[in-house]
Student: 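One structure follows; several queries about it will come next.
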Amino acid sequence: MKRLGRTFFSCDAAVLAPALLGCTFVRMTDAGERLAGLIVETEAYAGPADQAAHTRNGHRSPRNEVMWGDAGLCYVYFTYGMHHCMNVVCGGVDVPEAVLVRAIEPVDGIEIMRTNRSSTATGSKPRKHPLRDRDLCSGPARLCQALGISRDENGLDMTQSDRLWIEPAPDIGRGAVPPDRIVNTTRVGIDSAGPEWAGKPWRWYDRGSAHVSKR
DNA sequence: ATGACGATTTACT
DNA sequence: GTAAATCGTCATA
């Protein structure tokens, strides 16, 4: 099986983020089941200068240590006391950049994703209406829930791990998602970083996908 | 030691 | 549209 290697990830976050659209994110469960989906929405977090990034002002701690590691590592963090979000580390060693994967379109293991996202699995109230497939992975915490990603996956090297990797888009280089379908706009949930950084057009998504987190 | 807050989601008015 | 849930992390003391 083909997978993206170190070279692909060794670039600026604002370059990697749109390049990941159309690629397939793969997560193998402990039981050997393949959970996979097409990446349809990403955001770039760019190093010490970016006031919306966990590494703003060069901040380095046990929590964000993985962001300082080599490109291709998986950075998972816990937030709001209940959610996990997953990033692809890029840049290179001591260049703390990462791309947040905000949404994927489920392809393989959809039944397991439905189970992982069910109210019984999440502990939330019973759903009034059935969980739609478009709601399975349409958000950074939702996709982690669906794929069973937690801090256990933090630091995994996606260029080598047998549990986590990314497969190239069919027509990599030219872009699996036609350029006219890629929307480039501002990031979500970072207003507190201030207008200068909240205004950066560092979010990309596929206009044609029903699986993005926000339209 | 304490308090404020978060790269979110869900439920409710 | 607003509010609640819920806890690790970080700044302040």
Side-chain angles (χ1 to χ4, degrees), chain A residues 12-14 16-18 20-21 25 39-68 73-91 96-104 106 113-155 183-205 210-215:
Chain A
D12 293 346
L16 180 64
L20 284 176
L21 295 180
F25 183 73
I39 297 174
V40 296
E41 180 180 355
T42 57
E43 281 181 359
Y45 286 87
D50 184 359
Q51 292 303 297
H54 291 165
T55 49
R56 56 184 164 278
N57 306 325
H59 178 72
R60 184 168 184 164
S61 69
R63 181 207 198 193
N64 69 16
E65 179 62 29
V66 172
M67 277 189 72
W68 296 81
L73 297 185
C74 176
Y75 170 47
V76 180
Y77 66 90
F78 182 66
T79 190
Y80 288 103
M82 64 190 88
H83 297 303
H84 295 278
C85 295
M86 202 228 57
N87 297 256
V88 180
V89 174
C90 54
E97 301 202 10
V99 172
L100 173 70
V101 180
R102 286 193 57 89
I104 65 174
M113 296 184 198
R114 290 196 187 105
T115 301
N116 290 343
R117 289 272 296 135
S118 69
S119 53
T120 50
T122 62
S124 57
K125 293 188 176 182
R127 295 178 183 282
K128 193 170 183 178
H129 293 298
L131 182 59
R132 296 172 302 179
D133 283 358
R134 69 178 56 166
D135 293 324
L136 284 178
C137 301
S138 53
R142 287 177 173 180
L143 76 89
C144 283
Q145 189 126 59
L147 302 184
I149 290 173
S150 69
R151 275 170 293 189
D152 290 348
E153 280 66 45
N154 188 42
V183 178
N184 177 207
T185 182
T186 55
R187 296 175 289 181
V188 176
I190 55 160
D191 288 350
S192 63
E196 179 187 348
W197 296 94
K200 296 282 185 186
W202 283 350
R203 172 179 172 234
W204 289 264
Y205 66 88
H211 299 261
V212 299
S213 68
K214 294 186 160 91
R215 309 303 298 269

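In what follows, every chain begins at residue 1, and chains take the letters A, B, ... in the order their sequences are listed. Bear in mind that the values here come from a model prediction, so they are computed numbers and not experimental data.
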Student: Does A:Thr79 have a side-chain nitrogen or oxygen under 4.0 Å from the phosphate oxygens OP1 or OP2 of C:dT9?
Tutor: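 For C:dT9, OP1/OP2 do not have a side-chain N/O of A:Thr79 under 4.0 Å.
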
Student: Please confirm whether the shortest side-chain N or O distance from A:Arg151 to OP1 or OP2 of C:dG8 is below 4.0 Å.
Tutor: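 False: A:Arg151 side-chain N/O out of range (4.0 Å or more) of C:dG8 OP1/OP2.
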
Student: Going by 5.5 Å between centroids and 30° between planes, is there a stack of A:Tyr45 over B:dA7?
Tutor: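 Yes, the aromatic ring of A:Tyr45 stacks with the base.
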
Student: Out of C:dC10, B:dT10, B:dA7, which has the shortest distance to the side chain of A:Tyr75?
Tutor: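 Within the option list, the nearest is B:dA7.
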
Student: Can you tell me how far C1' in B:dA7 sits from the matching atom in C:dG1, rounded to whole Å?
Tutor: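 These two C1' atoms come out 23 Å apart once rounded.
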
Student: Between A:Arg63 and A:Tyr80, which is nearer to the 5' end of DNA chain C once each is assigned its nearest nucleotide?
Tutor: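 In this pair, the answer is A:Tyr80.
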
Student: Let's test this: given Watson-Crick or G-U wobble pairing with both distances under 3.5 Å, identify the partner of C:dC10.
Tutor: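 With both distances under 3.5 Å, C:dC10 matches B:dG3.
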
Student: Do the side chains of A:Arg187 and A:Asp50 get close enough for a salt bridge, i.e. N-O under 4.0 angstrom?
Tutor: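 Yes, A:Arg187 and A:Asp50 are salt-bridged.
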
Student: A:Ser124 has a side chain; which of C:dC10, B:dT10, B:dA7 sits nearest to it?
Tutor: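 So the side chain of A:Ser124 is nearest to B:dT10.
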
Student: Report the nucleotide, chosen from B:dA7, C:dC7, B:dC12, that has the shortest atom-to-atom distance to any side-chain atom of A:Phe78.
Tutor: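 Within the option list, the nearest is C:dC7.
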
Student: OP1 or OP2 of B:dG6 sitting under 4.0 Å from any side-chain N/O of A:His83?
Tutor: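 No.
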
Student: Which of these nucleotides, B:dT8, B:dA7, C:dC10, is closest to any side-chain atom of A:Ala141?
Tutor: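 Looking only at heavy atoms from C-beta outward on A:Ala141, the closest nucleotide is B:dT8.
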
